[in-house]
Q: 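Let me give you the structure first, and then I'll get to my questions.
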There are 2 protein chains.
Amino acid sequence: MNEAGVDRMFHALADSTRRDIVRRAVTGDLSVSRLAEGYAMSFAAVQKHIAVLEKVGLVTKKRRGREYLVSTDPDALVLARLALDQLEEAWRGRVDRMADLLAETAPPEQRTPTKGQDR
Amino acid sequence: MNEAGVDRMFHALADSTRRDIVRRAVTGDLSVSRLAEGYAMSFAAVQKHIAVLEKVGLVTKKRRGREYLVSTDPDALVLARLALDQLEEAWRGRVDRMADLLAETAPPEQRTPTKGQDR
DNA sequence: GTAACATACAACCAAATGGTTGTAGATGAG
DNA sequence: CTCATCTACAACCATTTGGTTGTATGTTAC
């Protein structure tokens, strides 16, 4: 997932109605209208929320008769988790580097290249 | 974290500039101006991004002389992860319930434990 | 075929978002 | 003290977002 994709993924998750849809659609047996019944907003509004979720792959739609069943795709959530992991990695990496530094500074004043500094 | 808090947390993460700030601020030794130098936008714009991150606790500021040093708070990322976990939980819960159901409806069948399935 | 239902989509609107510039208050340097 | 630096904040603007209503299309029921 590229940066823009992560943007869209987190944005999709940054709305409680959409998160609720994700939760309710795990069973995959609810149609768009059924889902829409649960919220104090118009059908079209819920439709838009589902469209946002669909665009980032958090849900998929499958036709059954004249309705569309919405189901959550757990793989997409894994992608979001990966994005979070990468952020935490920066922090963990720092801790590791600090540990390295401590290990290095133990001997008297040894300068290591500090090459990781790419910014 | 309540629903509105999760909204704000994911919204804060839904911007690549802000995520980059979170990454760069892990060392905690960069001031607002130093951080701002890295982006093709005004100082005030970066200031706003930092304010958004600060409001959800992803970074904190500490005064040093006339500048403010920005540092990432890894605990906040854990909160975001928890929110994701709760979404996944709905899905895992469903799978577990399906497994239960299978276990109940299929007595003679030999049930392989499948217990290793922790995701 | 006609009626009812489920969905899609366009047009519109208010509010929020992400950017700008400008002004003002602290703080350190000389 | 004076000046330059760092930050905060207000005002403003364009775009996006999240909602609305209305219209069109496809599908099942009768």
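No hydrogens, no waters, no symmetry mates; every other heavy atom, side chains included, goes into these values. Each chain gets a letter, A, B and so on, in the order the sequences are listed, and its residues count up from 1.
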Q: Return the value, rounded to whole Å, for the distance between atom OH of A:Tyr68 and atom P of C:dA8.
A: 6 Å
Q: Measure the CZ-CG distance between B:Arg81 and A:Leu87 for me, rounded to the nearest 0.5 Å.
A: 10.0 Å
Q: Side chains of B:Glu3 and A:Arg19: does their closest heavy-atom pair fall under 4.5 Å?
A: yes
Q: Quick check on DNA chain D: between A:Ala44 and B:Val32, whose nearest nucleotide comes earlier from the 5' end?
A: B:Val32
Q: If you only use heavy atoms from C-beta on, which nucleotide in D:dT20, D:dA8, D:dG26 is closest to the side chain of B:Phe43?
A: D:dA8
Q: Between C:dC9, C:dA6, C:dT17, which nucleotide gets closest to the side-chain atoms of A:Arg66?
A: C:dA6
Q: Mind checking if B:Ala51 touches a base, just sugar-phosphate, or nothing, with heavy atoms under 4.0 Å?
A: nothing
Q: Knowing that exactly one of A:Arg8, A:Lys61, A:Arg18 qualifies, which makes a salt bridge (charged side-chain N to carboxylate O under 4.0 Å, His left out) with A:Glu54?
A: A:Lys61
Q: Give the rounded distance in Å between these two atoms: CG of A:Leu69 and C1' of C:dA6.
A: 12 Å
Q: B:Arg34 near the nucleic acid: base, sugar-phosphate alone, or nothing, with a heavy-atom cut-off under 4.0 Å?
A: nothing
Q: Do A:Val56 and A:Phe10 come within less than 4.5 Å of each other through their side chains, counting heavy atoms only?
A: no
Q: Using whole Å, report how far CZ of A:Arg63 lies from P of D:dG26.
A: 10 Å
Q: Quick one: A:Gln47 CD to C:dA11 P, roughly how many Å, whole number?
A: 16 Å
Q: Tell me: CE of A:Met41 to P of C:dC13, nearest whole Å?
A: 21 Å
Q: Look at the side-chain N and O atoms of A:Ser42 and state whether any lies under 4.0 Å from the OP1 or OP2 oxygen of D:dT20.
A: yes
Q: Indicate, with a heavy-atom threshold strictly under 4.0 Å, whether B:Ser31 touches base, sugar-phosphate, or nothing.
A: sugar-phosphate
Q: Taking the side chain of A:Lys48 as heavy atoms from C-beta outward, which of C:dA11, D:dA8, C:dA29 is closest to it?
A: C:dA11
Q: Within the pair A:Arg64 and C:dA6, is there a side-chain N or O less than 4.0 Å away from OP1 or OP2?
A: no
Q: Could you tell me the separation between the CZ atom of B:Arg19 and the C1' atom of C:dG18, rounded to a whole number of Å?
A: 15 Å
Q: Which of these nucleotides, C:dA8, D:dG18, D:dG19, is closest to any side-chain atom of A:Arg18?
A: D:dG18
Q: To the side chain of A:His49, which of D:dG18, D:dC9, C:dG19 is closest?
A: D:dG18
Q: Using whole Å, report how far NE2 of B:His11 lies from P of D:dT17.
A: 10 Å
Q: Got a second to check how far B:Glu88's CD is from A:Leu77's CG, nearest 0.5 Å?
A: 5.5 Å
Q: Starting from P on C:dA16, measure out to CG on B:Asp15 and report it in whole angstrom.
A: 19 Å
